[in-house]
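The next block holds one structure in the form of structure tokens; read it before the comments.
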Number of protein chains: 2
Amino acid sequence: MSQGNTAVPTQLRTLDDARALLEMGECPVPPREILDRIAGKWAIQIIVASAEGPIRFTELERLIQGISRRMLTLTLRNLERDGMLTRTVYPTVPPKVEYQATPMALELYEAMLTLTDWSRRHSACVAKSRELYDARRQ
Amino acid sequence: MSQGNTAVPTQLRTLDDARALLEMGECPVPPREILDRIAGKWAIQIIVASAEGPIRFTELERLIQGISRRMLTLTLRNLERDGMLTRTVYPTVPPKVEYQATPMALELYEAMLTLTDWSRRHSACVAKSRELYDARRQ
DNA sequence: CAGAATCCGTGGGGATACTG
DNA sequence: CAGTATCCCCACGGATTCTG
């Protein structure tokens with residue numbers, strides 16, 4: 001009984017730990033404010049695009065297909081606020097602004113590779129499952 | 001020229017690969033239909049709760065704090081459709097329905113532990129960064 | 001018990017036009 | 001070039017009520 005059953009595991013490594021947290025009313029997943037970043041439609045792509053060196057606003061707009069100017073601006077601001085991007089303004093005419101991913105952001109991207117692999121390995125299975133489910137319900 | 005420069009890397013392991021994909025107009029992140037699952041507010045918690053054995057609807061409702069009946073039902077349906085949960089109905093009165101996570105779902109959860117670790121290691125840094133950013137803009 | 005149905009608010013995100 | 005400013009749509013999710 002040296003470890004009471006109310007102890008919250010500080011390292012979340014197993015499903016047992018996770019379930020223990022759940023039963024204590026805590027959430028065994030990354031907090032909302034983090035998930036919301038990676039869940040956003042564009043953030044990860046911006047991190048990738050700015051990973052290897054400074055990149056300008058218009059280059060991002062060209063590189064990331066389908067992004068609107070508004071969402072590019074918004075996502076850049078959020079990422080900068082979170083410390084995931086540096087923003088450098090050159091006071092020239094016309095203006096020049098460069099963005100670059102921080103090491104922290106690159107780590108996040110690497111962490112997401114695990115998820116990418118999962119989806120690669122299971123996407124066919126998920127698709128098949130959906131097909132069967134939909135067929136059953138017509 | 002055995003490998004033309006239009007080859008898409010089948011294994012996405014490095015940022016170089018990711019950026020190459022980006023430049024080809026492809027998205028180097030898990031597809032939307034996968035991210036939407038983990039981005040949902042409740043899916044992961046349901047997977048955790050149903051990981052260790054069958055669990056009933058009402059037990060889930062009690063275990064997962066703050067979930068509404070509607071969202072529990074909806075998320076369960078989606079997870080079942082994706083092959084992440086099995087659903088077993090016992091034709092008794094009153095009805096009894098049990099859910100259990102599939103191995104594929106457990107793998108997904110384990111993949112997410114990488115993200116959980118990232119957020120654990122960097123959440124303080126992100127919070128500080130936001131504070132500074134907000135202070136600068138008042 | 002395990003849901004289905006309905007109503008509704010909020011916010012993410014698109015399209016477009018304007019500007020320092 | 002690198003943004004703001006508006007308007008608008010719609011999907012997520014909460015609250016509530018009804019039912020086999």
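Residue numbering restarts at 1 for every chain, and letters A, B, ... go by the order of the sequence lines. Values below: all heavy atoms of this structure, side chains included; hydrogens, waters and symmetry mates excluded.
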In whole angstrom, what separates [X]'s [atom1] from [N]'s [atom2]?
| X | N | atom1 | atom2 | value |
| --- | --- | --- | --- | --- |
| B/Leu72 | C/dA2 | CG | C1' | 9 Å |
| A/Glu80 | D/dA2 | CD | C1' | 13 Å |
| A/Lys96 | C/dG20 | NZ | C1' | 19 Å |
| B/Leu60 | C/dA2 | CG | P | 9 Å |
| B/Leu76 | C/dA4 | CG | C1' | 14 Å |
| A/Arg62 | D/dC1 | CZ | C1' | 13 Å |
| A/Leu74 | C/dG14 | CG | C1' | 12 Å |
| B/Ile55 | C/dC1 | CD1 | C1' | 15 Å |

* Asked: How do A/Pro95 and A/Thr75 order along DNA chain C: which one's closest nucleotide is nearer the 5' end?
  ->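 The residue mapped nearer the 5' terminus is A/Thr75.
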Out of [options], which has the shortest distance to the side chain of [X]?
| X | options | answer |
| --- | --- | --- |
| B/Met71 | C/dG3, D/dG13, D/dA2 | D/dG13 |
| B/Arg56 | D/dA2, C/dC1, C/dG3 | C/dC1 |
| B/Ser68 | D/dT4, C/dG3, D/dG14 | D/dG14 |
| A/Arg87 | C/dG13, C/dG3, D/dG3 | D/dG3 |
| A/Lys41 | D/dA2, C/dC1, C/dG13 | C/dG13 |
| B/Thr58 | D/dA2, C/dA2, C/dG13 | C/dA2 |
| B/Arg77 | C/dG3, D/dG3, C/dA2 | C/dG3 |

* **Distance-only donor-acceptor test (3.5 Å): side chain B/Arg69, base C/dA2** =>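 Pair found.
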* Asked: Would you say the base of D/dG3 and the side-chain of A/Arg70 have a donor-acceptor pair closer than 3.5 Å?
  ->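 It does not, because no donor-acceptor pair links the side chain of A/Arg70 to the base of D/dG3 below 3.5 Å.
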* B/Ile47 CD1 to B/Gln100 CD distance, which is reported to the nearest 0.5 Å ->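 Separation between the atoms: 12.5 Å.
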* Between A/Glu98 and A/Tyr90, does any side-chain donor sit less than 3.5 Å from a side-chain acceptor? ->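 Result is yes, a qualifying pair exists.
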* Heavy-atom check, side chain of A/Phe57 versus side chain of A/Thr73, under 4.5 Å ->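 SC-SC contact between A/Phe57 and A/Thr73 confirmed.
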* B/Leu72 versus B/Leu60: any side-chain heavy-atom pair under 4.5 Å? ->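 In contact.
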* Are the charged groups of A/Glu59 and A/Arg56 less than 4.0 angstrom apart, N to O? ->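 Looking at A/Arg56 together with A/Glu59, the answer is no, because their closest N to O distance does not fall below 4.0 Å.
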* Asked: Does A/Phe57 or A/Arg32 map to a spot on DNA chain D nearer the 5' end, using the closest nucleotide for each?
  ->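 That would be A/Phe57.
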* Asked: Base, sugar-phosphate alone, or nothing: which one does A/Thr73 contact when heavy atoms must sit under 4.0 Å apart?
  ->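 If one applies the 4.0 Å heavy-atom cut-off, A/Thr73 turns out to touch a base.
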* Asked: What are the two closest heavy atoms between B/Ser129 and A/Glu80, and how far apart are they?
  ->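 The pair with the smallest heavy-atom distance is OG-O, 4.0 Å.
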* Does B/Tyr99 place a side-chain N or O at less than 4.0 Å from the phosphate oxygens OP1/OP2 of C/dG3? ->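 Looking at the OP1 and OP2 atoms of C/dG3, one of them is under 4.0 Å from a side-chain N or O of B/Tyr99.
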